[in-house]
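Basis for what follows: all heavy atoms, side chains included, without hydrogens, waters or symmetry-related copies. So you know, we letter chains A, B, ... as the sequences are listed, proteins then strands, and number each from 1.
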Amino acid sequence: MSTDKTEGSSESLNFLEEIIEADLREGKVTSVLTRFPPEPNGYLHIGHAKSIALNFGLAQKFGGKTNLRYDDTNPTKEEQEYVDSILADIRWLGFEPAKVLYASDYFDQMYDWAKELISRGLAYVDFSTAEEIAALKGTPTEPGKDSPYRNTSPEENLALIERMKVGEFPDGHCVLRAKVDMASPNMHLRDPIMYRIKHDHHHRTGDKWCIYPMYDWAHGQSDSIEGITHSICTLEFAPHRPLYEWFIEQLDIFPSRQFEFARFNLNYTIMSKRKLLQLVQEKHVRGWDDPRMPTISGLRRRGYTPEAIRDFARRIGVAKRENLIEISLLEFCIREDLNKVSLRRFAVLRPLKVVVTNYPEGQEEWLETENNPEAPETGTRKVAFCRELYIEQDDFMENPPPKYFRLSPGGMVRLKSAFIIRCDEVIKDAQGNLVEIHCSYVPESRSGQDTSGLKVKGVVHWLSARHAHPAEVRLYDRLFQLEDPGAEDDFKNSINPNSLEIIENAMVEPALVEANDGDRFQFTRLGYFCADPDGTAEKPVFNRTVTLKETWVKK
RNA sequence: UGGCCCAUUGUGUAAUGGUAGCACAGCAGAUUUUGGUUCUGUUAGUCAGGGUUCGAAUCCUUGUGGGCCAACCA
């Protein structure tokens, strides 16, 4: 009968959702368990946020769960500081892991399994040097050659791995290798290394181990132990999948399966942990949480909300093609969220003194203005009006271009929620610099009860000079001047020297002095701002998250 | 030059053999006491050639272009 296409038509699934949906439908799995597996060697960034939203989102969508599992198999790079920040960032994003686990929890099990493979002749200890191993590995176009240690007997290998484990050999002396296929066109199958020797202190297992598993011999096994049904990773791991499957098949353990998606790149930014670490270490930024950083902590300090980041992750989608996302999409997401929820406040970044010559000296009055026109339930507040005011220097031009409809000599403008003023006189110093402007106000033009009959196009924000409070405002611009700095030989060549502008002498309305760290506001007509922890009661500090969308361009 | 993955408006992402849609960006207009928001309209796309089919973005094939793989990193 009726074939209403819109009714009941579910929104289209991404390719991972399709796979899971089919697995569930066909009974391949009965429930969904995913995992987010960060290595604790740096702070999480917006790219990880996509992975987090994906892994947790997939599980949520199909009634499953998600573990956080630290991939802590390399003690030389990993630190507790990172472990802590990762969990905090995940929670801030709005996700709670079903379990918090560590690959190092499974070191004993992995070791037992390694011995099992050895005894079945599927792994061997190799005393070749790293260079020798690399040389025998061949190239993508030429097959590799067998190591001289490839045919050591299982008994001998069992004894050797034990000696490796108890610390008889120095770092790099030998490795344990899986015996797969030295002629495989897939380099990862040419007898991959399972264990290497590192006499290093591990953040969790201490000095218990001096052999540590490689990624390929830890990740899939950890997935399997936990019963992960869908192990989601990025595209560059696709060539590892045959090995991932080989180990699971040889051991005949829970068959976790790996699926790959394309990580995303953001234009004008870098997403490599290594490069981000370099920015921090070489002090191109103030730290991992510098508001210019694409880290979760940087975005948080910048004023981004978890909602906006989750929305962004949803909007960029999931697929397998290389992509370069425009930063404007992220900005759209934060504007859309903040427009609905942030309270409006008046702030003047670069003050220009205005003397209202026909307003009595010493008099003041309090005018009502809305806290957020998008959310009337947030009510109104009072702002002080008096004879001496500040407006934005940008809102006055002595010689305005044609379409300029702010203030200029002889022109009129409305002070938002207050009166219309006319600029009568421009006061300059001996050098010709603008000092202040003298205006007259129209008493009948009071906001809400305007009987003046005047129509002005321009509306500007303003502050009572007597009541305004000084503040520092930090304006951020993109950190890189090139769209894809990561593609350059040296990404640091395109660092934007003007990515941070500090305005020491901004003015804000008194209510802003009580802002707590992280509080977000819209400074009317300017953009969204967030209180920075560097601020004090005497001098609050605000970070500009993003400007308001600007459609007027000065010519 | 071995293997694997990928190719849809400027950027992303849908369409699963049957009208190429959505979002961002852009442009134009309406509304507006934020040049914001909101609303309306609009520009613009199936990498190329061949094949299968009544019909191909979709299937096959050959190219082309891009990405990944030769760490005791993950």
Looking at every strand, decide which applies to A:S447 at a 4.0 Å heavy-atom threshold: base, sugar-phosphate, or nothing.
base
Which base, if any, makes a Watson-Crick or G-U wobble pair with B:rC22, both distances under 3.5 Å?
B:rG12
If the C1' atom of B:rA20 is compared with that of B:rA56, how far apart are they to the nearest Å?
12 Å
Going by centres under 5.5 angstrom and planes under 30 degrees, do the aromatic ring of A:W552 and the base ring of B:rG35 stack?
yes
Hunt down the Watson-Crick or G-U wobble partner of B:rU53, both distances under 3.5 Å, from any strand shown, or write none.
none
B:rU52 versus B:rC60 - spacing of their P atoms, nearest Å:
15 Å
Roughly how far apart, to the nearest Å, are B:rG10 and B:rG45 at atom P?
7 Å
Nucleotide nearest A:R406 when distance is taken to its side chain, options B:rG35, B:rU34, B:rG2
B:rG35
When all nucleic acid strands are considered with a 4.0 Å heavy-atom cut-off, which category describes A:A130: base, sugar-phosphate, or nothing?
base
On the nucleotide B:rG36, are OP1 or OP2 found under 4.0 Å from the side-chain N or O atoms that A:T551 carries?
yes
Between B:rG17 and B:rU31, how many Å separate the two C1' atoms, rounded to a whole number?
46 Å
Can you find a donor-acceptor N/O pair under 3.5 angstrom joining the side chain of A:R344 to the base of B:rU34?
yes
What is the nucleic acid contact for A:P143, judged by heavy atoms within less than 4.0 Å: base, sugar-phosphate only, or nothing?
nothing
Report yes or no: do A:R35 and A:N67 form a side-chain donor-acceptor pair below 3.5 Å?
no
I'd like to know if A:E322 reaches the base of B:rG12 with its side chain such that a donor and an acceptor end up less than 3.5 angstrom apart.
no
Can you tell me, in whole Å, how much space there is between the C1' of B:rU46 and that of B:rU8?
4 Å
Presence of A:R196 side-chain N/O under 4.0 Å of B:rC73 phosphate oxygens OP1/OP2
yes
Lys/Arg cation over aromatic A:Y102: A:R204, 6.0 Å, 45° cone
yes
Could you work out the separation of B:rA30 and B:rG66 based on their P atoms and round it to a whole Å?
47 Å
When all nucleic acid strands are considered with a 4.0 Å heavy-atom cut-off, which category describes A:F237: base, sugar-phosphate, or nothing?
base
Counting any heavy atom closer than 4.0 Å, what does A:S128 reach on the DNA or RNA strands: base, sugar-phosphate only, or nothing?
base
Can you tell if the side chain of A:Q258 reaches within under 4.5 Å of the side chain of A:H219, non-hydrogen atoms only?
no
Can you tell me, in whole Å, how much space there is between the C1' of B:rG21 and that of B:rG29?
24 Å
Phosphate contact (B:rA74 OP1 or OP2) by A:R263 side-chain N/O below 4.0 Å
no
Name the residue from A:K416, A:R344, A:R381 that meets the salt bridge (Lys or Arg N to Asp or Glu O under 4.0 Å) definition with A:E370.
A:K416
Hunt down the Watson-Crick or G-U wobble partner of B:rG35, both distances under 3.5 Å, from any strand shown, or write none.
none
Hey, is the main chain of A:L338 close enough, under 3.5 Å, to the side chain of A:S342 for a donor-acceptor pair?
yes
If the P atom of B:rG41 is compared with that of B:rG50, how far apart are they to the nearest Å?
39 Å
Nearest heavy-atom pair of A:L136 and A:M182: which atoms, and what distance?
O-CE, 3.6 Å
May I ask you to verify whether the side chain of A:Q522 and the base of B:rU34 hold a donor-acceptor pair under 3.5 Å?
yes
Reckon A:E326 touches a base, only the sugar-phosphate, or nothing at all at heavy-atom distances under 4.0 Å?
base
Between A:R321 and B:rC47, is there a contact of a side-chain N or O with OP1 or OP2 at under 4.0 Å?
no
